[in-house]
Amino acid sequence: MGATDILLMGVIIGGALYLLYRSVWKKKGHCSGCCSEICEMNKKYSSRC
Amino acid sequence: MSTMTEERLQGSSRAALRAEKKAITVGVAGNPNSGKSTIINAIAGTRLHVGNWPGVTVEKKSAIFEYGGRKIRIVDLPGTYSLSPYTQEEIIARDYLIHEKPDVILNVVDATNLERNLYLTVQVMELGIPTVVALNIYDEAEKRGHTINRRVMEDMLGVKVIPTVATKKIGLDDLLKSLLEVAENPSAHCPKHLNYGDDIESAAKMLETQIGLTPLAEKYPPRWLAFKLMEGDSQVSGEIKPDDSGLSVSKAVGHLKTAHDSDIESIMADARYAQAFGLTREVLQKTESGNIELTERIDRIVLNRVLGIPIFLAAMWFVFKLTFDVSKPFADWMSAMTAGPFKGWAEAILGLIRAPGWTVSLVTDGVMAGVGSVLVFVPVIFAMMFFITFLEGSGYMARAAFVMDRAMHTIGLHGKSFIPMLLGFGCNVPAIYATRTLENPKDKALTALLVPLMSCGARLPVYVVFIGAFFSAHAGTVLWSLYVMGIVLAIIVGICFKKTLFKGEAPMFIMELPPYRRPSFKSLMIHTWEKGKHFLIKAGTYILAVSILIWFLLNLPWGVENKKDSYLGKVGQIIAPVLEPIGFGNWEAASSLISGVIAKEIVVGTMGEIYVAKPEDEKKNPSTFSEDLKEVGTSFVHAAEDSAANVFSTVGISSLSSKEDEKRAGLKAVIQKTYTPLSAYAFVAFVLLYMPCVVVAIAMRQEFGTWKWFGIAFVYQMTLAWGVAFLIYHGGKLLGIGG
């Protein structure tokens, strides 16, 4: 296994981890395709309700 | 000079152009299930989720479209019965109307239930914002012999009233024209002040005068603010602090309290109901048909105290049977294609570009085995979503919540809590968000804790693989048993929580039952797609990512010969002893369950990757590209024929016990060698019950602002999953079944 292979593996693993972070964590549990303003509304009202 | 003038002219024309192009904002308010989202979908071409049950829209959503050369931004607000600050939907709808001040309010009124809907209309009138009333579902009102005199209604309210049938796009052009007309000339379309009687009016007038002298008059509609201060609205009083603003509320309401000997909120509610009642009497004419309506006739059976729950369980069983019958041939087709031609094509393409050997393995044994194992079940998921959408659209889901009301009361909740749970059959994430329809914070938290016990679509692939391998002759019944297990355990766990964490009386609840409707085919297709595409997007995002990571974990340290010695294998071996007493103490099961924490369908994807390289599973299919293409096409046609035949089949789940299935070696074959029927059933029960997936965890954190509830869910679900699997495995062994 050469340096190119190791570099390519790093890129693939990094890409997969970023995809996971972006789709699971960054979207804060929203269903894909959810375009609502649920986050702001919830932040605003969660303390009251 | 001329240049400056020209610049000024250009500037003013630009300003005029900007003004001309300014989007009109329309806030859509109305009772739950009055058809707000359906109207928006019909006029703006959007695909907002609609369903024939109350509480489908729980947050505001907007769409922009053009009509008559003007841009219109239409905002769908959650359905509410009033504008009081008791539920989150009411607060969201009210705050939007007060603070964002739309140019026009579109008040959608269910014409079949005029009086109740007008109670909200009366409150909308108090805001003084130009309003258009859509008398929706007008065709059903006419069928029932109701005639509404819209001219009289327009005179009484001072706003335009347009009859509409959103599902058939009737009256929508008139509605849009009216919205434009009102937006362009708002002062001519301000709602009339409805007279609530001398006592209320004089108290309100006194406060209005005081409000007019403060900056509050610019922020709030004075008449509405006066009413809210009189009622002692906690949110408004908290926001403006009337004493600091120099408003003498107690002086204004003093006479009212003495004269009526009641609290002001009740006096105001009575006055509004009186207006709604009076309006209805003036404009509505009913012709007695004498016939019992279809809805009532069906409800006499499905809401029967004895038959209600058995009918609900039977409906669920029928849905699962149909799901399998319709989708299984397509799932088989996808499975054969991903393992055959698609894999061959990927290998050929990678060979052409001279990709390193390990990348070929990454794509075929990692991505294609992982993502492919999940994609195979897309037809099953779509079929399930189709039938759930049908039940929602027909109005049966609301009945299901109604018949479950008594069972829900035993756990201190009411039927309304069952609605988020029913949504959980699709996906637990929107179900967690739907708990906001519940007024009581304790109800919300308890319902959210029970939602993960509802079997979501993501768990289907796991069930299908194991049921197909061991219980193919009774697939529908076994699948049904898993869903029923989730509901029964939710009731038992709910009782435990009610006696410990959530002590208190179960609140009373009056459930609105919408009439039965036949959902249109187009609407069914759109909403099935909207629900199902979530799983496709998941396959392309985190299932893809996890498949790649799992492949690396199965191949690191680099060059590892036996997957058992890989990093994933070692972690699996550490956990496996914990699973030993419940019948599946192998590292493969443990590793799959770990990856399933991201999303439950990944359990199957990981198993696909783990078992893919076993020599006995390898099947080479040397064929040309054109032969492959022909095979793809012909096998798809056969799948469609089988699916159609299965719908009409009256004998069991024929497709799951097909000879093709028995012959096909693959994931099922490996599972058959590794598990017994008993340990397989314990495994799927464990998958049903063990901790919520990461996305649900984040949704819980988002909805409640704390990790506390997820922590509780994690602990109790892991304990419950292990305990139930133990009971199934050892109970079954003791009884001598399935070992």
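Both backbone and side-chain heavy atoms feed into the values below; hydrogens, waters and symmetry mates do not. Order of the sequence lines sets the chain letters (A, B, ...), proteins ahead of strands, with each chain counted from 1.
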(message) I'd like to know if the side chain of B/R94 and the backbone of B/L83 have a donor-acceptor N/O pair within less than 3.5 Å.
(response) yes
When the side chains of residues 549-558 of chain B are checked against the rest of the protein, which donor-acceptor pairs come out under 3.5 Å, sequence neighbours left out?
unit_1	atom_1	unit_2	atom_2	d
B/W551	NE1	B/S361	O	3.4
B/W551	NE1	B/S361	OG	3.2
B/N555	ND2	B/W551	O	2.7

(message) Please classify the contact between B/L362 and chain A as side chain, backbone, both or neither, with a heavy-atom cut-off of under 4.5 Å.
(response) side chain
(request) Write down the atom of B/M368, the atom of B/A346, and the distance for their closest heavy-atom approach. (result) SD-CB, 3.6 Å
(request) Examine whether an atom of B/T359 lies under 4.5 Å from a heavy atom of chain A, and if so say whether it belongs to the side chain, the backbone or both; otherwise answer neither. (result) side chain
(request) Tell me, out of A/I12, A/T4, A/L17, who's got the most heavy-atom pairs with chain B below 4.5 Å. (result) A/I12
(request) State which residues pass side-chain hydrogen bond (donor to acceptor under 3.5 Å, both in side chains) with B/S566; sequence neighbours excluded, sorted by chain then number. (result) none
